[in-house]
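Next up is a structure, given as structure tokens.
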Amino acid sequence: MRPALRWTIVAALTLALVVLVAWGESLLGADSGAVVMVLTFAAGFAWLWFVVAPWAARGRAKRGP
């Protein structure tokens, strides 16, 4: 997967999180807290999977075994 696509996925999840934190209660009602918690987990996991993991793998490959 191209780096730009990975960053786009993470940015979209983060933007959705910001929107839900700001206007979640008016959009979803009382259950917005659960949705925000799940989206926070998804955005954090996407950050680790799409951004940190490839960066760490490149760093390890450059150092050697």
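Along the sequence shown, residues carry numbers from 1.
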Kindly list each side-chain donor-acceptor pair under 3.5 angstrom involving residues 19-29, sequence neighbours excluded, with atom names and distances?
unit_1: Ser26; atom_1: OG; unit_2: Trp23; atom_2: O; d: 3.0

Please tabulate, for side-chain N and O atoms in residues 6-16, each donor-acceptor pair with protein atoms closer than 3.5 Å (sequence neighbours left out).
unit_1: Arg6; atom_1: NE; unit_2: Phe50; atom_2: O; d: 3.0
unit_1: Arg6; atom_1: NH1; unit_2: Met1; atom_2: O; d: 2.9
unit_1: Thr8; atom_1: OG1; unit_2: Ala4; atom_2: O; d: 2.7
unit_1: Thr14; atom_1: OG1; unit_2: Val10; atom_2: O; d: 2.8

Treating Ile, Leu, Val, Met, Phe, Trp and Tyr as nodes and any side-chain heavy-atom pair under 4.5 angstrom as an edge, say whether Val38 and Trp49 lie in one connected cluster. no
Indicate if Val51 and Leu5 have the same hydrophobic cluster label, given that clusters are the connected sets of ILVMFWY residues with side-chain heavy-atom separations under 4.5 angstrom.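 Val51 clusters together with Leu5.
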Residues in side-chain contact (heavy atoms from CB on, under 4.5 Å) contact with Val18, at least two apart in sequence or another chain: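 Partners of Val18 by the side-chain contact (heavy atoms from CB on, under 4.5 Å) criterion come out as none, since no residue qualifies.
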Are Trp47 and Phe41 co-members of a hydrophobic cluster defined by side-chain heavy atoms under 4.5 Å apart?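 Looking at the clustering, Trp47 is in a separate group from Phe41.
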